[in-house]
Every structure is written in C-alpha cells, then in structure tokens.
Amino acid sequence: MCFERHFLYFCTSFTEQRSNKLIIGYPLSLELNYRMEIASKYNPAEVENKWYQYWMEQKLFHSEPDEREPYTIVIPPPNVTGVLHMGHMLNNTIQDVLVRRARMQGKNACWVPGTDHASIATEAKVVNKLASQGIKKSDLTREEFLKHAWDWTHEHGGIILQQLKKLGAACDWDRTAFTMDEVRSESVLKVFCDLYEKGLIYRGVRMVNWDPKALTALSDEEVIHKEVHGKLYYLRYKIEGDPAGAYAVVATTRPETIMGDTAMCINPNDPKNAHLKGKKVIVPLVNRVIPVIEDEYVDIEFGTGCLKVTPAHDVNDYMLGEKYNLPSIDIFNPDGTLNEHGAMYAGMDRFAVRTQIEKDLEAAGLMDKTEPYTNKVGFSERTNEAIEPKLSMQWFLKMEELATPAAESVENDTIRFYPEKYKNTYRHWMENIKDWCISRQLWWGHQIPAYFLPQGGYVVAMSKEEAFEKAKKQVDYPLTIDDLKQDEDVLDTWFSSWLWPISVFDGINRPDNNDIRYYYPTSDLVTGPDIIFFWVARMIMSGYEYRKEPCFQNVYFTGIVRDNLGRKMSKQLGNSPDPIDLMDQYGADGVRMGMLLSSAAGNDLLFDETLCEQGRNFNNKIWNAFRLIKGWETDEHIPQPESAKIAVAWFQSKLSETITELNDLFSKYRLSEALMTVYKLFWDEFSSWYLEIIKPAYQQPIDSKTYQVTLGFFDALLRLLHPFMPFITEELWQAMEERETGDSIMTTQQPQAEEADTVLLTDMERVKQVIAGVRTIRLEKNIPQKESLELQIVGGDADKYDSVISKMCNLSSFTLVSEKQAGSAGFMVGTTEYTVPLTGMMDVEAELQKLQAELTYTEGFLQSVLKKLSNERFVQNAKPEIVETERRKQADAESKIALLKENIAALSGK
RNA sequence: GGGCGUUUAGCUCAGCUGGUUCAGAGCGCCUGCCCUACAAGCAGGAUGUCGGCGGUUCGAAUCCGUCAACGCCCACCA
C-alpha cells in the first residue's frame with residue numbers, strides 16, 4: 001500500500017483525458033480500481049505549464065475588436081529589467097482575476113502587457129554593471145553607452161513577463177508594448193512637440209532637485225523626505241566696521257554653504273536684531289561682505305532670528321534672492337563637490353567640507369556653538385543620495401490647465417477610486433499642483449526633440465530634418481543641418497508612462513484607429529497608491545488632453561505587501577519571499593489565493609506563507625471532490641432518493657444566493673471577500689453538506705439524475721473559481737468530459753443566479769443544526785458513526801427533511817413522541833426538542849448540567865427582552881416590526897424555559 | 001506643521017443608512033477521530049468591557065465630541 005501511494009504520487013495528472021473515464025498513462029497493469037489511480041494529492045507543477053501553453057497556443061488571451069462590450073486593462077508596466085516581487089504578484093493576480101471574470105461575463109477582455117524603460121533606474125544599473133567591468137560612463141560616447149544599455153535590456157528585459165506567465169496572467173501577449181519601442185517613442189515625441197506648440201512646455205532656469213550621484217534633475221515626486229539627525233551650527237558673522245568686533249549669529253544646518261551666501265536676512269519686526277538694520281556683515285572664513293536685508297519670511301523665534309541667504313542652494317533663499325535681486329553664487333559641481341567658489345574647499349565633497357569647516361570655524365573663533373538637531377532632508381528615490389537644490393536649465397510642463405478636467409473627473413466620480421479615501425489625497429495634490437520638471441540629464445530614455453541653433457535659440461520638431469526646415473524659416477543666416485545640435489537630455493520616464501493607456505493602442509500617432517476607438521477608455525486600473533501622483537494623476541491628465549475622455553473608469557489601489565510582522569518587504573531585510581519559489585512550493589493557484597485572501601482593497605496586507613498553504617489545501621480539496629464524483633458509477637434504474645432530491649434543490653438555491661452575493665462583492669472590488677465566499681461555498685456547502693448528503697453507500701452506484709445535476713454543480717463551481725484559480729479549474733474542467741481542441745473553461749460564461757428558495761435555505765440551516773446536535777451526542781457519548789441511533793422529536797411536527805437527517809446521522813428511526821423518555825440525551829433547535837434514547841449510557845449529572853446551563857442563559861435572555869418591552873418609550877418609538885420580533889423572542893424564550901424546566905424536573909427524578 | 005486613515009477573538013480582518021440571539025469570518029487553538037474523496041482531512045468546541053472617556057437616543061461596535069496609540073500622505077522653517 002505504501003509503495004503504491006508513493007508511486008502514484010508521481011502520476012498525478014491525466015496525460016490524456018479524452019473519455020468520460022479517467023485514463024492515466026499507467027499503471028493500468030497494476031489492475032487497480034481506477035479510483036485509486038488519481039493521486040490523493042494535487043500536483044500543480046506540470047498541470048500549470050501544460051495549460052498555460054495550451055492557452056497560448058489557442059490564442060485565448062488574444063483580443064480583437066468585435067461587437068461585444070470591451071473590457072480593457074493596461075498593465076502598470078514593470079521596469080524592463082526588473083524581476084517579479086510580491087508587489088507584482090499581488091497586483092497582477094488582481095488584474096488577472098478581473099480580466100478572466102470579465103471575459104466570462106461575455107465581455108471582450110483585453111489585458112495589455114508591457115514594460116517600462118525606467119530611465120534612471122535602468123541607467124543606474126547599466127552604469128553599475130559597466131563600473132564592475134572597469135568602464136566609466138564618462139569614457140563612453142552617448143552611442144556607445146546606449147549600445148550597452150540596449151544589450152542589458154535585451155538580456156534582462158522580458159524576464160519579468162515570463163514570470164507573469166507562471167502566475168497565469170491572461171495577457172494579450174501579441175500586444176506587448178515597451179515604453180521605448182518605436183510606436184511609444186514616436187508618441188512621446190509627438191506629445192512633446194504638441195505641448196510645446198500649445199505653449200505648455202517651456203524651458204528655463206529654475207531651482208530643481210539635483211541628484212549628485214545620478215547627475216540629473218528630478219521631479220518633486222522623486223524626492224523622499226527623511227528625518228536626519230544632524231547639528232544646528234551657530235556661526236558668527238562679524239558686523240562690518242564695528243570697532244568692538246561685534247557679530248551676528250546665524251543658525252544653519254549647512255555651514256558648508258556659507259561661501260554661497262549673498263545676504264543675511266532678519267525680520268523687520270524683530271527688536272533683538274534691530275541693530276543690524278542697514279548694516280553689512282562679513283561671511284566667516286571667506287571674509288566677503290554681504291548686506292543685511294529684512295523680510296518677514298524670517299521666523300523670529302528660530303535660532304537667533306538671523307538667516308543666511310544662499311540663493312543658489314536653497315529654495316527659500318532662492319525666492320529671497322529673486323525678491324531682493326541678490327547675486328547667486330553656485331559653489332557646487334554637479335557631483336556634489338565644491339567648485340572654485342568653494343575657496344580652500346574646492347574639490348572636496350560637500351559632506352567632507354561640513355566636517356572640515358566646523359573645525360576651521362572653531363579654530364577661527366567663529367563658531368558660537370552647535371546643538372543636536374533633527375531636520376528633514378530630501379533623498380533621491382532611486383539613488384538614495386541627498387538631494388541638492390540646484391539652479392539649472394530644465395524643461396517644464398505647465399500643469400494647471402491639464403489638471404482642471406483631471407481633478408474634476410475624480411471629484412465627480414467619472415473616474416472612481418477604490419478605496420475612496422484616495423480621492424482626498426488626489427484632490428490635495430491636484431489643488432497644489434506645480435509644474436513638472438520633465439528633463440533628465442541622462443542618456444537612457446527619449447531624447448528631447450529640441451534642436452539648438454548655432455547663434456542661440458532652438459526649434460522643437462519630431463526629427464532633425466523637420467527641425468532643419470523650421471530653423472531655416474526662423475533664422476536669417478546660412479544654416480546647414482549639421483549646425484543643429486539636439487538637446488542632450490532625455491525625458492522623465494513618466495513622460496512616456498503617462499500616455500500608456502493611449503499609446504499601447506497607438507492612439508497618439510493614429511488617433512482614429514480601430515483599437516483605440518474600441519478599447520479606450522480602459523475599464524480598470526490596478527496599481528499601488530504610491531504612484532498616484534507619478535502615474536495615475538498624470539494619465540488622467542493626458543487622457544483628457546489627447547482623447548477628451550477619462551483613460552479608465554475605475555482605479556483599484558492595492559496595499560503594500562508587508563511581512564507578518566508588518567514590515568515593508570525589502571531586499572535589505574531579506575524578508576521578501578521569491579514569488580517563483582512560492583509558486584514552485586504551493587502552485588500558482590495556491591499563491592494567488594494566499595495573496596488574495598489577505599488583501600482587502602487599499603489595506604496593506606501582512607503576507608504570511610501559511611495563507612499560500614491554505615490555498616494549496618483548497619486546491620487539494622477541489623481535487624479530491626473531483627476524485628469522489630468521478631469515481632461514482634451511475635445507474636439509470638435507481639430512483640433518486642428523497643434526500644438527494646432535497647439536497648439538489650437546496651444547493652441550487654445556495655448556489656444562486658452565493659452568485660448574487662459574489663456579483664455584489666465584485667462590484668465593490670472586494671475580491672478578498674469574494675474569494676472567501678466561493679471558498680466557503682465549495683468547502684462547506686458543497687463538499688461537507690451537499691456531497692455528503694448525496695454520497696452513495698460504499699461501492700454503490702449513484703442514480704444518474706443526481707449524478708448529472710452534481711456534475712452541473714461542479715462545473716458551475718469551477719467556473720466561479722476560475723478567475724481566482726485558473727489552472728486547477730482548467731485541469732478539472734477538461735477532465736470532466738470530452739472536450740474539443742480549443743475548448744477552455746476560460747471562454748465559458750459565469751454561472752447566473754436564479755431565484756433562490758429562501759424558505760428552503762433557512763430550513764436547511766435548521767436541519768444542519770439538528771444534524772450537528774446528533775453529532776455532538778455521538779461525540780460526547782462516544783458512539784461511533786457506524787452504530788445507528790434513534791432520534792425523536794418531542795411533541796413537534798414531523799420533519800419533511802427527515803430523509804436528510806436520517807442519512808447524515810445514521811438513524812434507524814426518526815419518530816414523533818409526545819413525551820421525552822427517560823434515559824435519553826437531548827438538544828434543542830429553535831423551540832423544538834430532539835432526543836436520542838440511550839440505553840444504559842446516560843450520564844444524568846452531565847445532562848442535568850447541560851440543561852441547567854441552557855436554562856440560565858435563556859432566562860437571562862428573556863430578562864433582556866422583557867426589559868426592552870417594559871420600556872414604554874421603546875414600545876412607542878421603535879418600529880412596529882422591531883417590537884413584534886421582541887414579542888416573538890419573548891414567547892419563544894418562555895416556552896423554551898418551560899420545556900427546560902420540565903426536562904430538568906424529569907431527569908432529577910422529582 | 002497640515003490632512004487622511006486605523007484601533008472588534010491569539011493573528012488577519014468583515015460588520016452598509018443605529019434595532020431579527022449582533023458580537024461575526026478565515027486562520028490558529030482545544031477535544032475526539034486514518035470512518036476507503038481528501039490527516040493538505042473529518043466531526044465537535046472555546047474564545048471578545050467592539051482602544052479610553054463623555055454625549056445623543058427607548059436602544060450605540062455602528063452617530064457626535066474628546067483623548068490615546070499606530071500608520072500613511074503632503075509641507076520651504078533655516
């Protein structure tokens with residue numbers, strides 16, 4: 001036996017299932033009953049590969065416009081060189097569920113996959129890789145570098161898309177797009193030119209967030225503010241011409257920037273610094289004389305009330321500089337070292353200078369004091385380098401105009417956010433929107449289509465040729481095409497992603513093509529709230545700008561995947577499991593279920609591997625239910641037993657009721673609850689109740705009527721489950737009966753709800769309680785299931801479900817009695833008393849205790865009901881039906897109490 | 001500094017516009033079971049001052065106020 005089990009474990013799946021009987025490759029020669037041939041454990045590995053292959057071959061994921069209603073999702077494109085992590089796993093599982101379900105609702109579902117070139121992230125990876133080979137980026141030409149970058153992209157690109165296949169993603173792979181492929185690149189340039197023509201894109205010198213490591217400007221969104229424990233330095237600025245050598249003290253966190261000081265600022269209303277008005281002070285160490293200016297911006301309470309003004313290196317100082325026409329001295333090189341303005345510190349790194357200058361000021365007697373201080377410092381999202389505010393020439397996109405329709409559409413629910421709370425976040429950002437710095441000093445990306453003219457000025461055009469034509473008209477001096485020099489910078493990655501829902505259907509270049517007209521606006525977007533500004537908001541803007549329509553109808557924000565201790569998953573912590581390993585261990589369906597079970601929309605989810613285990617166990621449950629059903633022999637000649645008839649009618653109603661519930665949950669994007677609902681339907685209602693009721697005796701055939709209906713139920717359950725667990729459901733659906741090539745559960749329809757018999761449903765809940773009551777007695781009295789029992793209803797009506805109860809409880813008889821007989825154990829369901837006569841195995845004491853406990857509880861309950869009813873104001877004010885139910889509760893409780901008292905009296909022999 | 005959100009069983013969460021025994025689910029836990037679909041299982045069971053305080057109401061997990069803890073987002077206090 002042991003050997004067989006072990007052997008069979010490896011022959012788990014059906015290599016061929018083209019007949020009603022199960023045929024596995026072997027070992028038929030063992031002449032086992034075929035029921036034994038299906039392993040008792042589901043093995044997902046080969047099943048999953050096989051069916052994904054099949055779906056691809058049959059082009060079941062592919063969509064073309066037709067007369068059906070479209071359902072469209074565009075994938076949030078992962079970084080082209082990225083690998084799958086738990087966040088992707090969650091995000092894409094959700095999308096897959098939505099897409100598969102939509103298709104099974106008769107919609108023409110299209111899920112467009114693709115990848116993002118991830119300008120700065122990819123460039124950083126390539127730079128690192130080159131560095132490891134001893135190659136510096138600065139030693140390469142742009143062309144050489146891009147060659148390396150493309151090589152890297154081709155080498156690593158698409159790995160993540162392969163990984164998505166493993167989880168079952170039903171993407172239309174024929175439509176795979178890349179933000180830097182031809183169509184998308186052309187779209188980006190076109191949009192840039194168009195916005196430039198419209199006057200929305202401009203170029204100018206502004207204070208930007210400079211990443212000294214990546215050597216590029218960043219948008220505000222790419223800066224992450226973190227608390228940093230540092231010092232507040234109090235520096236002495238001598239007052240010019242003061243004979244006594246008096247000085248003003250300035251508090252700063254960045255003493256290394258004093259070489260860039262061009263003023264000191266005080267608040268005009270500050271009495272303690274009033275003596276500085278109109279004076280000049282001397283910058284420490286460099287001995288430059290700067291004026292004292294006055295502005296109410298300065299906080300009198302902070303530090304000494306004196307502010308050093310460094311217009312080149314601080315956003316606020318920059319604004320002061322503008323206001324008072326101060327000169328601006330840039331003391332930094334792009335890489336964060338000091339330049340020639342840094343005097344004796346030229347060439348040193350900014351942080352090294354900070355340490356050094358502290359000592360030097362100290363030595364020169366110009367340091368008043370230092371104190372510990374915590375402030376917020378911006379860091380680059382990608383390189384984690386401290387941002388340096390820097391004046392530089394950049395390209396910007398004006399946002400205000402674009403934001404108006406975008407803000408409105410979310411406000412009025414044209415575009416719905418799930419969960420809704422993100423509307424607030426969105427509104428706040430939209431109302432305070434700033435222009436978007438779209439240029440990056442990088443090579444990997446879309447090069448800005450601006451061409452500089454030899455004598456100043458530039459033209460913006462799709463190509464150099466076009467630019468040349470434009471330029472010729474603009475200048476009055478002779479010009480050759482080689483005189484034009486294209487801007488070296490590239491565009492922010494998000495400048496291509498923001499067009500994604502349009503550009504994947506080529507709707508920028510060919511605005512009237514069939515695809516864009518059919519698939520746009522897209523239906524749902526599934527993404528993380530962390531990119532609501534980077535991406536979601538901007539897509540909405542470009543959608544209105546270029547299609548005059550919302551780009552999607554619903555946005556589902558997933559939570560962040562955390563570990564079971566609530567920590568964010570990260571490489572550094574090493575607390576992030578590899579989704580591929582998990583899928584190998586639990587099967588893709590199992591992991592999908594694990595992810596979904598824990599993820600209420602918008603809530604962060606604490607991922608726990610045991611949830612995958614639960615998923616795997618559920619797969620196994622489904623698998624075994626199938627083994628049971630498929631193992632039955634049918635016989636057309638036996639009539640359908642009464643119990644089966646009831647079970648069928650009941651489950652039919654249960655199914656309908658659940659389907660209605662599911663539709664509601666899906667409409668609210670409550671996928672986690674939807675899955676739990678199907679889970680319970682399958683496990684509890686179908687497996688534990690329905691199948692147990694209709695199950696024929698061992699090695700007995702089942703009547704064919706019940707059998708057929710049961711297959712129908714199973715089929716419906718598979719279809720309900722398919723969006724969540726695509727692989728096992730396809731495997732079993734294919735195994736249920738002979739299918740044609742090209743058939744798939746994917747292309748079947750979701751089962752529809754019929755009218756549910758609510759009376760039957762509540763009746764069955766009562767029946768379940770009766771059965772549980774008998775089971776409890778068996779357990780308490782240690783009576784094996786094999787031994788049949790008698791069940792009596794005391795003084796009640798006959799139960800029309802007795803066939804079900806008899807079968808489930810193995811009853812020899814089920815009778816009505818007028819009085820409870822001595823020596824029997826009992827229980828109550830509602831107000832009806834049931835008893836099981838037990839000869840000689842009665843524990844009177846225990847029984848009495850049980851009755852007494854129930855009596856105490858019921859009396860307490862009655863008290864609370866009476867209290868309500870005796871309250872006149874309750875009777876007056878409460879809705880009549882509420883009062884009515886309270887009266888009913890009272891009556892029920894009273895009769896129950898009477899009964900319990902009787903029983904106690906009888907038992908105690910009194 | 002502003003804004004938003006969370007707090008319900010050991011864990012993760014559901015409880016819509018106050019009122020059917022409303023205090024729930026899954027997991028975990030406890031007890032008994034290898035009873036030929038499934039031990040990755042079956043049957044049975046226990047578990048909570050619904051964060052604290054105050055208010056509105058005949059009635060509050062649910063509405064209002066307040067406090068506390070935690071989390072997220074935004075913000076130029078050097």
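Keep in mind that this is a model prediction, so the values were computed, not measured. Note on naming: letters A, B, ... go to the chains in the order of the sequence lines (proteins, then strands), and numbering restarts at 1 for each one.
Residues A/Leu628 and A/Lys695 form a side-chain contact, since some pair of their non-hydrogen atoms from C-beta on lies under 4.5 Å apart.
When heavy atoms are screened at a 4.0 angstrom cut-off, A/Tyr373 is found touching the sugar-phosphate backbone but no base atom. Within 4.0 Å (heavy atoms only), A/Lys308 reaches no atom of the nucleic acid at all. Looking at heavy-atom distances under 4.0 Å, A/Ala893 makes no contact with the nucleic acid at all. Using a 4.0 Å heavy-atom cutoff across all strands shown, A/Ser687 reaches at least one base atom of the nucleic acid. Residue A/Tyr679 is classed as a sugar-phosphate contact, given heavy-atom separations below 4.0 Å to backbone atoms only.
Going from atom CG of A/Asn316 over to atom P of B/C76 covers 8 Å, rounded to whole Å.
Atom name P, nucleotides B/U31 and B/U17: the rounded distance is 42 Å, in whole Å. When the P atom is compared between B/C58 and B/G15, the two are found 29 Å apart, to the nearest whole Å.
Checked against the 6.0 Å centroid threshold, A/Tyr426 and A/Tyr422 do not count as a close aromatic pair. Proximity of the aromatic rings of A/Phe714 and A/Phe626 is defined here by a centroid distance below 6.0 angstrom, and this criterion is met.
Ion pairing of A/Arg254 with A/Glu256 is present here, as a side-chain N (NZ or NE/NH1/NH2) and a carboxylate O approach within less than 4.0 Å. Electrostatic pairing of A/Glu787 and A/Arg778 does not count as a salt bridge here, judged by no charged N lying under 4.0 Å from a carboxylate O. Taking a cutoff of 4.0 Å between a charged side-chain nitrogen and a carboxylate oxygen, A/Arg670 and A/Glu661 do not qualify as a salt bridge. In summary, A/Arg888 and A/Asp892 do not engage in a salt bridge, as defined by a charged side-chain N under 4.0 Å from a carboxylate O.
Residue whose closest nucleotide on RNA chain B sits further toward the 5' end, between A/Lys786 and A/Phe618: A/Lys786. Residues A/Ala878 and A/Val298 both approach RNA chain B. Their nearest nucleotides, taken by heavy-atom distance, put A/Ala878 toward the 5′ side.
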Polar atom pairs (N or O), protein with nucleotides 3-10 of chain B, under 3.5 Å:
none

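By the 6.0 Å contact criterion, CD on A/Glu881 is enclosed, its count of non-hydrogen atoms from other residues, nucleotides or ligands being greater than 12.
For RNA chain B, the stems formed by at least three consecutive Watson-Crick or G-U pairs, with both atom-pair distances below 3.5 Å, span B:1-7 with B:68-74, B:10-13 with B:24-27, B:29-33 with B:41-45, B:51-55 with B:63-67.
Of the candidates B/G41, B/A78, B/G44, B/G44 carries the atom nearest the A/Ala772 side chain, counting heavy atoms from C-beta on.
Looking at A/Glu692, its side chain has no donor and acceptor atom pair within 3.5 Å of the base of B/A43. Between the base of B/A40 and the side chain of A/Arg616 there is a donor-acceptor pair shorter than 3.5 Å.
With sequence neighbours left out, A/Arg766 forms a side chain to side chain contact (heavy atoms under 4.5 Å, CB included) with A/Asp799, A/Tyr801, A/Val829, A/Tyr834.
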